[in-house]
Visitor: 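Structure incoming, see below.
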Amino acid sequence: MSSIKKIIVVGSGIAALSFAKTISENCQVIIMTKKQFSSSNSMLAQGGIAAAFSAHDSIQQHVEDTLAAGCDHNDERIVQEIVRLGKHLVEQLVAEGFPFDQHESGVPQLGKEGAHTTHRILHAGGDQTGKTLVQFLKSQLGSHIHLYENHHVIDLLIHEGTCKGVVWKDEKGHVHTMTADAVVLSTGGCGSLYETNTNDPSVTGDGLMMAYRAGAQLVDLEFVQFHPTLLTISGKAVGLVSEAVRGEGAYLEDETGRRIMKGIHPQADLAPRDVVARAIFHEQQLGHHLYLNIHDIPHFSARFPAIYAMCQRAGVDMASGRLPISPGMHFLMGGISVNEYGETTVPSLFAIGEAACTGLHGANRLASNSLLEGLVLGSKAAQRMKQLPKQKETSPAFSIEEVWSVPMLSRTEMSQWMTTYAAIVRDEKGLQTLLHTLQQVSFQQMNVKDITNEQVELSNQWALAVCLVKSALLRTESRGGHYRMDYPKRNDAFWRGKQIVHEKGHMHIMKNERIGAKWNVYS
């Protein structure tokens, strides 16, 4: 019997690569990604990595900014740990020669983004931090890491409640299984549930629904973050304009030049994302056109080369100094419930990155905390993996789901419904209408051998949409990324510290004693 542990990682973003970089060499790691290696949200991340890097900053202040943005729905102990370890991992990246943007003196440049009280965002390539980091981490992987593209994982192998491997399809649509000592889901969130979003098209909520079918818990699905500034031409979003642009002095205005964030929040254009996105949505409902005014940013093309090139491709008149924008779905704060090591409630099944819900982000993610979380949780999961015993080699007769129910609707229809009724602003009537519409959809039964990748994704999206809408209906308050017009205030008396959990076909409210609790163990 081999003593080498075999681990399957599903996904190829920052969290997956941080895991692969940290994992022991006496583990064989198979990274499977359903499209190309570069198809991930990490590759699109324009912002940077938040870390208390400067002498004027502190871990305590970074923690407090994270908690303030998260609207008292964070697990403070997890926030402290990720912020502390994240700073250490960033210092390690600097020591390894990662090319963070620097001042002439050789000190890393620190940007500022929404809801941060100080400059603490490290960037690379101006506005290409994610891409630069993905390539850097990939270059460090050892020979025990094997990367397979176009391996579409569609389900998990579960035997007696333990995860034993995956079911996947190759490019020709043939079904295969692969067993492993552990499976790590690093599949991202669910941006494609919404018509306008910043996500890679491959991010369709697959990991969440695979984990759910395996018996894991999904939590906090109602907390969806909309990024305020997507470049929008003729009603269509063509790409993200990083919050770092506002951090450098850009501001939001309407067609008359009126600054829309004045008087709405003390941090004005750098208020938390949920506040800014709702303000823009409100102005749009009144018929205004919204712009990001970049007049005050010198050398825009040098500071933000990818954004500048995107604007040029889209035909924006850069001389006007105004970029037409609208909000779009950006990040899912909820996900697969995990502990501090990325372990789910299903033995030998881990989740890391945006697919996981650690408690770091609370009800609204602080800008540039996602790459930080991916680095830390990937590393912690790898260290935890060393302590786990190798699974006994058995030959259980795995039962693969032979028949799949595929909803008879298009991805476009579903994303339009979600955008209309479950986006930035919600209410009971709209959510009930949406839930009824989703539940009236007809299904066709298909054999797993015949189902296409697109149909697998559609099945996952439909099931996740139903869970998300039920959560949004149940949480009768407004907090962070979840805003109810009919319940516009926070209700701490009932909802503080409570999570909505989906598990094994049921939904319940769970009191989480660690959410909103004060730990006061800053270091």
Side-chain angles (χ1 to χ4, degrees), residues 46-47 69 111-116 127 194-198 224-298 300-301 303-304 306-308 310-331 364 367 416 419-427 430 478 480-485 488:
Q46 296 173 350
K112 190 176 181 188
E113 293 182 10
H116 288 272
D127 51 8
Y194 291 87
E195 209 172 0
T196 303
N197 69 79
T198 65
V224 179
Q225 183 172 86
F226 286 78
H227 197 289
T229 53
L230 275 66
L231 185 69
T232 306
I233 310 294
S234 305
K236 289 282 177 197
V238 295
L240 180 69
V241 180
S242 170
E243 202 158 282
V245 175
R246 277 174 284 139
E248 295 288 323
Y251 54 87
L252 292 156
E253 62 182 21
D254 68 7
E255 66 281 353
T256 69
R258 175 179 60 94
R259 293 187 62 163
I260 68 158
M261 290 306 297
K262 275 198 167 169
I264 293 206
H265 190 277
Q267 288 175 283
D269 294 271
L270 285 174
R273 286 176 176 170
D274 62 309
V275 176
V276 182
R278 278 197 300 277
I280 294 171
F281 178 78
H282 175 70
E283 295 289 340
Q284 288 176 325
Q285 295 296 101
L286 295 174
H288 292 293
H289 296 279
L290 277 297
Y291 299 88
L292 195 58
N293 188 314
I294 59 170
H295 271 300
D296 293 343
I297 302 178
F300 184 86
S301 60
R303 173 65 183 85
F304 300 107
I307 297 171
Y308 183 79
M310 174 180 73
C311 291
Q312 284 196 308
R313 285 195 302 274
V316 175
D317 174 15
M318 297 305 285
S320 73
R322 301 173 102 199
L323 312 183
I325 57 88
S326 62
M329 193 288 192
H330 187 52
F331 192 88
N364 180 39
Q416 285 173 345
T419 301
T420 302
Y421 297 114
I424 296 171
V425 171
R426 307 161 174 177
D427 63 25
S478 291
H482 171 65
Y483 186 83
R484 289 276 299 259
M485 276 193 297

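Side-chain atoms are counted along with the backbone in the values below, which use heavy atoms only and exclude waters and symmetry mates.
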Visitor: Under the side-chain hydrogen bond (donor to acceptor under 3.5 Å, both in side chains) rule, collect the residues that match up with T256, sequence neighbours excluded.
Guide: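 Applying side-chain hydrogen bond (donor to acceptor under 3.5 Å, both in side chains) to T256 gives D254.
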Visitor: Other residues, nucleotides and ligands only: do more than 12 of their heavy atoms fall within 6.0 Å of NE2 on H295?
Guide: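 Yes, NE2 of H295 has more than 12 neighbouring heavy atoms, counting only those of other groups under 6.0 Å.
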Visitor: If you count every heavy atom of other residues, nucleotides or ligands that lies below 6.0 Å from H288 atom NE2, does the total exceed 12?
Guide: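 More than 12 heavy atoms, drawn from other residues, nucleotides or ligands, come within 6.0 Å of this atom.
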Visitor: What distance do N364 atom CG and F226 atom CZ have between them, rounded to the nearest 0.5 Å?
Guide: 12.0 Å
Visitor: Could you work out, with side-chain hydrogen bond (donor to acceptor under 3.5 Å, both in side chains) as the rule, every residue matching E195, not counting sequence neighbours?
Guide: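 E195 satisfies side-chain hydrogen bond (donor to acceptor under 3.5 Å, both in side chains) with no other residue.
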Visitor: Please determine whether side chain to side chain contact (heavy atoms under 4.5 Å, CB included) holds for the pair F304 and V241, giving the CA-CA distance in whole Å, both sets of side-chain angles, and the decisive distance to 0.1 Å.
Guide: CA-CA 9 Å; F304 300 107; V241 180; over 6 Å; no
Visitor: For residues D296 and Y251, determine if any side-chain heavy atom of one lies less than 4.5 Å from a side-chain heavy atom of the other.
Guide: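 They are in contact (side-chain heavy atoms under 4.5 Å apart), so the answer is yes.
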Visitor: Between S301 (side chain only) and Y308 (backbone N and O only), is there a donor and an acceptor less than 3.5 Å apart?
Guide: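 Side chain of S301 to backbone of Y308, a donor-acceptor pair under 3.5 Å: no, none is there.
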Visitor: Determine the sole option in T196, L323, I325 for which the side chain to side chain contact (heavy atoms under 4.5 Å, CB included) test with L230 is passed.
Guide: T196
Visitor: Are any of the side-chain heavy atoms of E255 and Y291 separated by less than 4.5 Å?
Guide: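 In contact.
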Visitor: Quick check for you: to the nearest 0.5 Å, what is the distance between R303 atom CZ and I294 atom CD1?
Guide: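 Here the interatomic distance stands at 12.5 Å.
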Visitor: Show me the pairs that pass side chain to side chain donor-acceptor pair (under 3.5 Å) and involve residues 319-328, at least two apart or across chains.
Guide: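 Listed by first then second residue: T232-S326, E253-R322.
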Visitor: Identify the residue among V245, V276, L252 that makes a side chain to side chain contact (heavy atoms under 4.5 Å, CB included) with T229.
Guide: L252
Visitor: Measuring from atom CG of L292 to atom CD1 of I280, what distance do you get when rounded to the nearest 0.5 angstrom?
Guide: 8.5 Å
Visitor: Output yes when a side-chain donor or acceptor of S478 lies under 3.5 Å from a complementary backbone atom of R484, and no otherwise.
Guide: yes
Visitor: CE/M310 to CG/L240 distance, rounded to the nearest 0.5 angstrom?
Guide: 7.0 Å
Visitor: Working to the nearest 0.5 Å, report the span between CE of M329 and CD of Q225.
Guide: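 With rounding to 0.5 Å, CE (M329) is 9.0 Å from CD (Q225).
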Visitor: Which value, rounded to the nearest 0.5 Å, describes the distance between I424 atom CD1 and Q284 atom CD?
Guide: 7.5 Å
Visitor: What closest approach, in Å, do P327 and A277 show between heavy atoms, and which atom pair accounts for it?
Guide: CG-O, 4.0 Å
Visitor: Just jot down the side-chain hydrogen bond (donor to acceptor under 3.5 Å, both in side chains) partners of T198, sequence neighbours excluded, or say none.
Guide: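 Here the qualifying residues are H330.
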Visitor: Mind listing the closest non-hydrogen atom pair of I233 and A314 along with its distance?
Guide: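 Closest approach of I233 to A314: CG1-CB, 3.9 Å.
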Visitor: Mind listing the closest non-hydrogen atom pair of R278 and G480 along with its distance?
Guide: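 Looks like NH1-O, 3.4 Å.
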Visitor: Looking only at heavy atoms, what is the nearest atom pair of G114 and E243, with distance?
Guide: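 Taking G114 first and E243 second, the nearest heavy atoms are N-OE2, 2.6 Å.
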Visitor: Mind checking whether F331 and R273 have side chains closer than 4.5 Å, heavy atoms only?
Guide: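 No, their side chains stay 4.5 Å or more apart.
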Visitor: Would you call M261 and R246 a side-chain contact if the rule is heavy atoms closer than 4.5 Å?
Guide: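 No, too far: nothing below the 4.5 Å cut-off.
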Visitor: Does OH in Y483 sit with more than 12 non-hydrogen atoms of other residues, nucleotides or ligands closer than 6.0 Å?
Guide: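 More than 12 heavy atoms, drawn from other residues, nucleotides or ligands, come within 6.0 Å of this atom.
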Visitor: Any side chain to side chain donor-acceptor pair (under 3.5 Å) pairs touching residues 260-272, not counting sequence neighbours?
Guide: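 As it turns out, the side chain to side chain donor-acceptor pair (under 3.5 Å) pairs with a partner in residues 260-272, which skip direct neighbours, are R259-D269.
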Visitor: Quick one: list whatever passes ring pair (Phe, Tyr, Trp, His ring centres under 6.0 Å) with H116, sequence neighbours left out.
Guide: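 In terms of ring pair (Phe, Tyr, Trp, His ring centres under 6.0 Å), with neighbours along the sequence ignored, H116 is linked to no residue.
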Visitor: Any heavy-atom pair between the side chains of P324 and L290 that's under 4.5 Å?
Guide: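 No - every pair of side-chain heavy atoms lies 4.5 Å or more apart.
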